[in-house]
Amino acid sequence: MYRKYNNYATFGAGYLSSSRRSDISKTIGIDFQFHIRREQFQIGMNMSGPEFLSNNNLQGHFGYGWRKEKNKSNIAVFGGLSYYTGVLAIEDTALGIIPYYYEGFGLYASAQFITKFTYDIGMGIEGFGELSPGQSSIGIKFILFFSGAYRGPKKNYNVNVRSENKR
C-alpha cells in the first residue's frame, strides 16, 4: 500500500554558476520537502566549491511550493528565501592572499523533475537559482528521491471478509 503526496528527501550533486566567481563550481545539496495539510514546503542547503565537498559557499533555503505526483513521476516547483555565506581569496601584492568573507539574504527558486523506479525511490534533475543584491547564481543537480510513501501490506479490519494478504 502506498500513500500519495508524502514527505520526501532529495540528495544530489551538480554544477553552479555564480556572479561572484568566474569559474563553474561543483555543488552538492540536500532538501527535505514536506507538507502541512495541503500546502507544500521545502527546506535545504547547497554547498559549492572548486571540487565536490570543498566549501567556499554555503547556502540554506526555505520555500513554498507546488507539487504534482503520479505513480512513476514527481514534479515540484518551490520558491522562497535563502541565506548564503562564503569566502573569496583576493590577491594583494603587499599582503599576499587575503580572505574576503561575505554573507547575505536572497530569493531562491527550484524546479524538480523526478522519475520513480518504485513508488518511493527515484532519480531526476533539479534546476535552481538564487537572486540577491550580493550574489546571483544558477545551477543544475542530478538528484536521488526518497519518500516514505510505502505503508506495508493492506490491512483489512472486517472480520467477515477474508484478508487479501498472503501470510
Side-chain angles (χ1 to χ4, degrees), residues 5-69 73-117 120-149:
Y5 295 105
N6 207 38
N7 300 339
Y8 66 98
T10 56
F11 308 93
Y15 298 94
L16 169 77
S17 176
S18 171
S19 62
R20 286 204 180 256
R21 304 186 192 293
S22 59
D23 56 340
I24 301 292
S25 297
K26 295 176 181 168
T27 186
I28 60 170
I30 181 171
D31 289 300
F32 179 63
Q33 288 77 203
F34 62 98
H35 68 283
I36 300 174
R37 296 189 186 246
R38 294 181 184 231
E39 308 301 319
Q40 301 289 327
F41 298 94
Q42 178 188 53
I43 189 166
M45 62 169 281
N46 290 316
M47 182 174 71
S48 60
E51 297 299 326
F52 290 114
L53 298 176
S54 66
N55 177 14
N56 61 17
N57 188 60
L58 186 63
Q59 180 258 10
H61 51 271
F62 178 78
Y64 176 79
W66 170 87
R67 176 180 178 195
K68 180 70 175 171
E69 182 179 23
S73 67
N74 184 70
I75 299 171
V77 177
F78 294 95
L81 301 174
S82 68
Y83 171 76
Y84 61 89
T85 182
V87 63
L88 287 171
I90 298 175
E91 289 189 41
D92 187 338
T93 54
L95 300 172
I97 297 177
I98 302 170
Y100 169 71
Y101 298 96
Y102 60 89
E103 64 182 343
F105 291 93
L107 300 175
Y108 178 82
S110 71
Q112 302 172 343
F113 303 94
I114 297 165
T115 299
K116 298 190 282 185
F117 305 125
D120 50 1
I121 298 173
M123 66 184 303
I125 192 165
E126 178 180 3
F128 61 94
E130 179 182 32
L131 182 62
S132 69
Q135 166 177 288
S136 297
S137 62
I138 189 166
I140 190 167
K141 290 188 291 191
F142 299 97
I143 56 175
L144 298 174
F145 167 91
F146 299 99
S147 170

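Here the structure is a predicted model, which is why all the values come from computation and not from measurement. All heavy atoms count here, side chains included; hydrogens, waters and symmetry mates do not.
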Item checked: Derivation of the side chain to side chain contact (heavy atoms under 4.5 Å, CB included) call for I125 and I143 -> CA-CA 6 Å; I125 192 165; I143 56 175; 5.9 Å; no

Next item on the list: Verify side chain to side chain contact (heavy atoms under 4.5 Å, CB included) between N56 and R21, making sure each step is shown before the conclusion.
Entry: CA-CA 11 Å; N56 61 17; R21 304 186 192 293; 3.4 Å; yes

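Across every non-hydrogen atom of I97 and E91, the tightest pair is CG1-CG, 4.1 Å. In terms of heavy atoms, S54 sits closest to M47 at O-CG, 4.3 Å. Considering all non-hydrogen atoms of both residues, L58 and N55 come closest at N-OD1, 4.0 Å. Residues S132 and G106 share a closest heavy-atom pair of CB-CA, 3.6 Å. Heavy atoms only, all atoms of each residue included: G65 and F78 are closest at CA-CD2, 3.4 Å.
More than 12 heavy atoms of other shown residues, nucleotides or ligands fall within 6.0 angstrom of atom CZ in F52. For I28, the CD1 atom counts as densely surrounded, since its 6.0 Å shell holds more than 12 non-hydrogen atoms of other residues, nucleotides or ligands.
For the atom pair CZ (F146) and CE (M123), the distance works out to 10.0 Å, reported to the nearest 0.5 Å. Going from atom CD1 of I75 over to atom CZ of F113 covers 6.0 Å, rounded to the nearest 0.5 Å. To the nearest 0.5 Å, atoms CG (N7) and CD (Q40) are separated by 8.0 Å. Atoms CG and NE2, from L81 and H61 in turn, are 11.5 Å apart once rounded to the nearest 0.5 Å. Rounded to the nearest 0.5 Å, atoms OG (S73) and CD1 (I114) are 9.5 Å apart.
Checking Q112 against Q33 by side-chain atom types alone, a donor-acceptor pair falls below 3.5 Å.
Using a 30° and 60° split on the angle between ring planes, F62 and F34 fall in the tilted class, from 30° to 60°. Note: Y8 and F145 have tilted aromatic rings, judged against thresholds of 30 and 60 degrees for the angle between ring planes.
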Which donor-acceptor pairs under 3.5 Å do side chains of residues 11-20 form with protein atoms, sequence neighbours excluded?
{"from": "S18", "atom 1": "OG", "to": "R20", "atom 2": "N", "distance (Å)": "3.2"}
{"from": "S19", "atom 1": "OG", "to": "S136", "atom 2": "N", "distance (Å)": "2.9"}
{"from": "S19", "atom 1": "OG", "to": "S136", "atom 2": "O", "distance (Å)": "3.4"}
{"from": "R20", "atom 1": "NE", "to": "G134", "atom 2": "O", "distance (Å)": "3.2"}
{"from": "R20", "atom 1": "NH2", "to": "G134", "atom 2": "O", "distance (Å)": "3.2"}

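Y108 has its side chain within reach of Q42: a pair of non-hydrogen atoms, C-beta onward, lies under 4.5 Å apart. Counting heavy atoms from C-beta outward, Y83 and E103 have side chains that approach closer than 4.5 Å. Counting heavy atoms from C-beta outward, Y102 and Y84 have side chains that approach closer than 4.5 Å. The side-chain heavy atoms of T27 and Q59, taken from C-beta on, include no pair separated by under 4.5 Å.
The list of salt bridge (charged side-chain N to carboxylate O under 4.0 Å, His left out) pairs with a residue in residues 28-53, not counting sequence neighbours, reads K26-E51, D31-K141.
Proximity of a side-chain donor or acceptor of N57 to a complementary backbone N or O of S48 within less than 3.5 Å is not detected.
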